[in-house]
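Only one structure is covered here, and it is reproduced in the block below.
By convention in this document, chain letters (A, B, ...) are assigned in the order of the sequence lines, proteins followed by strands, and residues within each chain are numbered from 1.
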Protein chains: 2
Amino acid sequence: MARKPDEHGDKGDDATAHWQKRSAGNKALTKPRSRRGGGRPTIADVARKAGVGAITVSRALRDPERVSEDLRRQIQAAVDELGYVPDPNARALASARAEVFGVLVPSLTNNVFAEVVRGIYDSLSDGPFRVQLGNTHYSGLEEERLLQVFGPQRPAALIVAGVDQTPTARKLLESAGCPVVQVMETGPNPVDMLVGFSHFEGGRAATEHMIEVGYRRIGFIGARMDPRSQRRLAGYRAATEAAGLFDPRLVTTTPVPSSVTLGRELFRDALAKMPTLDGVFCNNDDIALGVLFECHRAAIAVPKSIGIVGFNDLDMMQSAFPSITSVRTYRYEIGRRSVAMALAAIAGKRPEQRVVDLGFELIRRESTAR
Amino acid sequence: MARKPDEHGDKGDDATAHWQKRSAGNKALTKPRSRRGGGRPTIADVARKAGVGAITVSRALRDPERVSEDLRRQIQAAVDELGYVPDPNARALASARAEVFGVLVPSLTNNVFAEVVRGIYDSLSDGPFRVQLGNTHYSGLEEERLLQVFGPQRPAALIVAGVDQTPTARKLLESAGCPVVQVMETGPNPVDMLVGFSHFEGGRAATEHMIEVGYRRIGFIGARMDPRSQRRLAGYRAATEAAGLFDPRLVTTTPVPSSVTLGRELFRDALAKMPTLDGVFCNNDDIALGVLFECHRAAIAVPKSIGIVGFNDLDMMQSAFPSITSVRTYRYEIGRRSVAMALAAIAGKRPEQRVVDLGFELIRRESTAR
DNA sequence: CACTGCCATGGTAGCGCTACCATCTGTCGT
DNA sequence: ACGACAGATGGTAGCGCTACCATGGCAGTG
């Protein structure tokens with residue numbers, strides 16, 4: 001376990017750390033200045049050093065074009081020399097606007113949202129904006145709570161997953177006083193802006209493909225069943241009904257969070273319930289992989305006896321054996337696009353397209369090649 | 001694409017949004033109060049309504065025990081009625097301490113770090129602390145930059161992945177003026193506190209297991225090769241050398257980011273280089289899965305002809321066919337523990353164990369069952 | 001019963017920054 | 001030559017909150 005417990009210089013039970021310098025008996029030798037703030041340079045220090053007013057330093061940093069070439073250089077030199085970095089808290093307080101993007105996603109570990117978040121981070125890393133990430137755990141109430149917390153921070157923009165906010169949450173978004181981008185889906189009534197794709201159409205396209213290549217007893221296997229999964233299921237249902245192939249017994253779902261292992265189990269259940277099953281459209285790629293593994297284990301031939309289609313097209317789909325047909329979605333791009341739209345709105349140039357459909361692509365692979 | 005472009009009420013090229021209420025000709029009918037701040041209740045409003053001083057409201061919220069039962073109730077009522085939420089920016093400015101945990105990880109999509117981050121979020125969601133997440137992209141320079149940005153925010157604590165900070169980054173951590181927890185590894189010289197496990201021992205244990213069950217030409221396949229991967233490789237090397245089985249031609253690595261597809265490719269390379277290969281210890285589970293798929297595709301029997309061991313024990317390892325032996329690590333717990341230690345330090349009760357080794361467990365499965 | 005010490009509460013003065021307005025300079029038009 | 005005007009710069013007054021210190025009341029002490 002712990003090695004050499006006090007090699008860091010702590011003496012026994014002394015609970016004071018190196019970073020707790022506190023006012024350990026400071027005899028007030030100095031004037032009462034700088035009670036707080038551990039000595040970091042402030043804008044006033046820079047102004048003094050550069051021989052200008054504080055406000056000019058502020059301008060030089062925020063809006064360089066409004067300051068003459070000369071002063072700008074002088075100020076920059078002072079900033080560099082002092083190692084000055086503006087205090088974002090003071091800035092936010094004074095300007096009533098924090099350089100923060102509030103981002104709400106239902107899960108941090110679900111690869112799908114992780115990709116969106118990565119896109120957001122990558123798009124924001126150049127500029128002055130920070131990200132305030134909230135995990136709603138797929139709960140509307142938690143989403144409301146987080147929006148309540150974000151409010152007083154006065155974020156520059158909000159990016160939230162999905163279009164199924166509770167009425168309260170929607171009201172909070174509408175009154176947030178900043179651009180709002182809903183992501184991951186399309187829909188008719190965005191709070192403000194929207195970037196995503198149609199899960200319904202994705203589900204339908206996947207199912208139609210299976211019908212087209214000849215599968216007839218096509219099951220749907222879904223876990224978690226959040227609103228997006230529900231729409232994929234609706235797409236599946238539309239396609240199977242149109243072909244006269246729908247049967248409620250073909251649908252196997254659970255509210256339990258998705259995983260590969262769960263995919264195996266659900267597939268076993270589905271097969272027990274409906275032994276004539278000859279294909280499955282899976283809610284997502286984890287489930288699809290679980291189905292594939294279970295087929296291997298039970299020596300069920302894929303794609304001959306069972307066809308498999310996943311959703312999202314994670315990297316492993318192309319490498320699986322057999323490779324798995326999946327609906328490719330553009331998560332990273334959704335993240336980037338949402339930031340681009342928000343930044344445009346902040347700059348006053350609102351995109352004329354408030355709703356952007358990034359679409360999807362069905363990638364046909366061995367798992368449905370028959 | 002965009003449906004019904006202006007159903008939101010925008011008229012053509014008007015670039016002004018609902019949230020931009022600005023001061024559209026406010027005739028200063030009121031006194032010059034509240035120039036900024038969109039009308040949210042402040043602590044003064046609460047104080048007035050409760051008939052107490054502002055400072056008492058502040059105390060009632062931050063340290064309820066220092067305020068009498070009576071006033072506390074009164075203040076709470078006023079808070080509820082007004083829907084008051086404290087402004088974290090003002091709070092941070094006044095107290096020179098933001099209720100923010102700075103968290104630095106090398107990747108947001110790598111499941112391993114996503115789990116750590118989830119643990120951190122879950123541990124922090126109850127309290128007043130926010131999370132400021134930074135993505136270093138496995139770059140020491142980027143890490144330095146992010147620490148520089150975090151500094152002026154005066155975070156309550158910092159959690160950073162790894163122990164291989166650049167000297168500059170280390171200095172920034174030491175002078176951050178807050179508790180620092182390094183996570184994911186063990187090591188002798190923590191900046192402050194440390195929670196993790198030994199990648200070297202993990203790599204060694206995995207390799208020793210393969211030797212024990214009879215594999216002799218055991219390869220190492222690794223992507224990304226960050227410091228943690230290097231240590232796993234070192235563990236692999238220690239084990240193979242101790243058994244007289246080390247051969248540099250058995251090691252296949254690349255700096256390219258890890259993926260299942262890459263695992264397949266590297267395994268093909270490894271096999272081409274060393275056809276007598278009879279087992280592989282993989283840098284991580286994605287690689288291991290890629291190796292498994294390639295074995296399927298090439299009709300190589302697992303575990304008979306090739307043994308496979310992964311690292312991290314993601315859920316899919318247990319469900320794969322054959323199931324894959326892997327080194328289980330406790331990522332979520334690392335996240336939780338790091339927060340617990342930081343919170344203790346903030347509260348002045350520094351844990352006497354500054355270095356916590358959460359260990360690992362080798363999970364033996366079919367992929368090495370011979 | 002004056003004195004000490006403690007507790008609950010309040011007033012004041014900022015934290016570091018920017019919005020607002022004032023001032024100053026120099027250029028232009030008439 | 002003078003006012004009008006635009007552009008650059010600075011001063012002042014907060015943003016909403018909390019650290020610090022002061023105050024007043026009350027119990028305990030000799």
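In this structure, of D:dA19, C:dG16, D:dC17, it is D:dC17 that holds the atom nearest to the side chain of B:Asp87. Closest contact between the side chain of A:Thr56 and the listed nucleotides D:dG10, D:dC17, C:dG16 involves D:dG10. Of the candidate nucleotides D:dT18, D:dG16, C:dG10, D:dT18 has the atom nearest to the side chain of B:Arg62. The side chain of B:Arg91 approaches D:dC17 more closely than any other nucleotide in the set D:dC17, C:dG10, C:dG16. When each of C:dT18, C:dT9, D:dA19 is scored by its nearest atom to the side-chain atoms of B:Arg66, the top-ranked nucleotide is C:dT9.
B:Glu144 and B:Gln165 share no side-chain donor-acceptor pair at under 3.5 Å.
Using a distance-only test at 3.5 Å, with no hydrogens or angles considered, a donor-acceptor pair links the side chain of B:Arg97 to the main chain of B:Pro155.
Taking 3.5 Å as the limit, the base of C:dG10 and the side chain of B:Arg59 contain a donor-acceptor pair of atoms between them.
For A:Gly134 against A:Phe150, the heavy-atom pair with the smallest separation is N-CZ, 4.2 Å. Nearest approach of A:Leu108 to A:Leu133, heavy atoms of both residues: CD2-CD2, 3.6 Å.
Phosphate proximity of D:dT9 to A:Ser68: present, with a side-chain N or O under 4.0 Å from OP1 or OP2.
Comparing A:Ser58 and B:Gly53 by the nucleotide of DNA chain C that holds the closest heavy atom to each, the one mapping nearer the 5' end is B:Gly53.
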